[in-house]
Amino acid sequence: MAKKTVAITGGAGFIGSHLCDRLIKDEYRVICLDNLITGSKENIRHLFKNKNFIFSEHNVSKYINIKGRVDFVLHFASLASPKDYLRFPIQTLKAGMLGTHNALGLAKAKKAKFMLASTSEVYGDPDVHPQTEEYWGNVNPIGQRSCYDESKRSAEALVMAYLRMHKINTRIIRIFNTYGPRMRINDGRVVPNFIYQALTNKPLTVYGKGAQTRSFCYVTDLIEGIIKLMNINYNLPLNLGNPKEFTICELAGLIKEIIPTRSKIVYKPLPADDPKQRQPDISKAKKILGWQPEIQLKQGLMQTLEWFRVLSLDKLKNNDIKYNKLDL
Ligand code: UDP
């Protein structure tokens with residue numbers, strides 16, 4: 001039987017590249033699209049010699065042209081770190097809105113199944129805790145984070161319209177904070193920031209009082225949930241994340257526990273609209289997929305740390321933000 005073909009946008013990114021690895025291992029043919037703004041060929045270089053892997057440098061906000069059969073379209077292209085999307089708000093909106101439209105158009109043309117990588121940010125600064133899929137969210141539509149939040153909310157609306165109008169077999173996952181190897185050390189998110197700071201004995205920068213919470217999911221746990229959802233038909237949004245909640249101060253404490261460091265903690269202003277709490281209710285994913293995360297935060301952080309350690313100290317010291325390519 002011919003191998004099934006998956007087209008994945010954002011396939012050279014942090015989550016996308018782990019997904020490419022898993023799909024290749026599961027014997028899919030993989031067409032990986034990425035414009036390499038925040039993704040990197042280094043994340044997928046080991047797959048270049050595999051005959052089932054094709055890489056195409058492409059910006060998803062432009063028309064996607066793929067010859068031949070495609071069975072599944074996974075739309076994972078996005079600037080996902082606050083530091084990135086604050087710097088590129090328009091490109092973030094384009095990837096979420098135009099990119100989703102183009103990826104859905106590809107799925108429609110190929111009669112393929114579709115999955116949108118949405119986000120816990122659709123819940124904004126939630127006043128329902130933990131967040132269930134039924135909660136509509138509390139998003140500031142004109143705030144600094146709105147370029148990300150609203151692009152994903154409109155992406156979800158587009159997916160539901162294609163499901164209802166064109167009967168595309170769609171899926172929406174709402175991904176909660178995920179971490180692991182291949183995150184960019186300088187992407188500004190709290191896990192790489194704290195690891196970098198601890199490794200270089202710089203102060204750990206806690207924003208606000210550090211009482212805000214997040215729930216951190218190790219990347220392989222997330223990938224397992226995604227693969228399970230690909231294999232069943234469920235069209236409504238599904239939370240994927242680790243329900244164990246930590247304050248940012250607790251995370252800083254854990255980092256200092258696992259990395260021998262002289263770093264102290266310094267407090268910096270809390271960014272605008274920074275959600276005060278975030279914890280997924282994953283009852284639905286447990287029931288529908290028979291899935292739940294397995295990796296504890298401490299174990300996952302140690303595995304992530306191992307990966308960051310292999311970066312040379314020079315690279316760590318030179319922590320200026322660098323974007324690989326600016327084809328926007
Ligand atoms: N944060 C922090 N110090 C940092 C980076 C982030 O205290 O150096 C906080 C940030 O204010 C937020 C949480 O950590 O409350 C998670 O931030 P991140 O950027 O990782 O992701 P978010 O969940 O906000 O999208």
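Computed from a predicted structure; not experimentally measured. As the structure lists them, so they are numbered: ligands from 1, and atoms in each ligand from 1.
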Establish, for the pair K244 and F246, whether the NZ or CZ atom is under 6.0 angstrom from the six-membered ring centre and no further than 45 degrees off its axis.
yes

Can you check whether K83's main-chain N or O pairs, donor with acceptor, with S81's side chain at less than 3.5 Å?
yes

Ring-ring centroid check Y162 F114, cutoff 6.0 Å
no

From the list R145, R189, R184, salt bridge (charged side-chain N to carboxylate O under 4.0 Å, His left out) partner of D84 resolves to R184

Rounded to the nearest 0.5 Å, how far does CG of N50 lie from CZ of F55?
15.5 Å

Starting from atom 1 (N) of ligand 1, which protein heavy atom do you reach first, and at what distance in Å?
Y207 CD1, 3.3 Å

Test of proximity, V190 against ligand 1: N or O pairs below 3.5 Å:
yes

Those atoms of ligand 1 less than 4.0 Å from some heavy atom in N193
4 (C), 5 (C), 8 (O)

Would you indicate which of T119, T178, D274 comes nearest to atom 15 (O) of ligand 1 when only heavy atoms are counted?
D274

Among all protein heavy atoms, pick out the one at the shortest distance from atom 13 (C) of ligand 1; state its residue, atom name and that distance to 0.1 Å.
I248 CD1, 3.6 Å

Quick one: look up the protein heavy atom nearest atom 25 (O) of ligand 1 and list residue, atom name and how far away it is.
R145 NH2, 3.1 Å

Option nearest atom 9 (C) of ligand 1 (shortest heavy-atom distance, choices K276, Q212, R189)
Q212

Could you establish whether K268 and ligand 1 come within less than 4.0 Å of each other, counting only heavy atoms on the residue side?
no

Return the closest protein heavy atom for atom 3 (N) of ligand 1 as residue, atom name and distance.
T205 O, 2.6 Å

Minimum-distance protein heavy atom relative to atom 16 (C) of ligand 1
R214 NE, 3.6 Å

Heavy-atom contacts under 4.0 Å between N177 and ligand 1: side chain, backbone, both, or neither?
side chain

A student checking ligand 1 against G188 at a 4.0 Å heavy-atom cut-off should list atoms 5 (C)

Test salt bridge (charged side-chain N to carboxylate O under 4.0 Å, His left out), reference R174, set E134, E121, E133, E156, output is E156

Are the side chain of K152 and the backbone N or O of A117 linked by a donor-acceptor pair below 3.5 Å?
yes

Scan side-chain atoms only and decide if N201 and S263 contain a donor-acceptor pair under the 3.5 Å cut-off.
no

With atoms numbered from 1 as shown, which atoms in ligand 1 lie under 4.0 angstrom from a non-hydrogen atom of V206?
7 (O)

Would you say R278 has any N or O atom under 3.5 Å from an N or O of ligand 1, going by distance alone?
yes

Please say whether Q197 places an N or O atom under 3.5 Å from an N or O atom belonging to ligand 1.
no

Using atom types as modelled and distance alone, determine if a side-chain donor or acceptor of N138 lies under 3.5 Å from a backbone N or O of P126.
no

Could you tell me whether the side chain of M115 reaches within less than 4.5 Å of the side chain of V73, counting heavy atoms only?
no

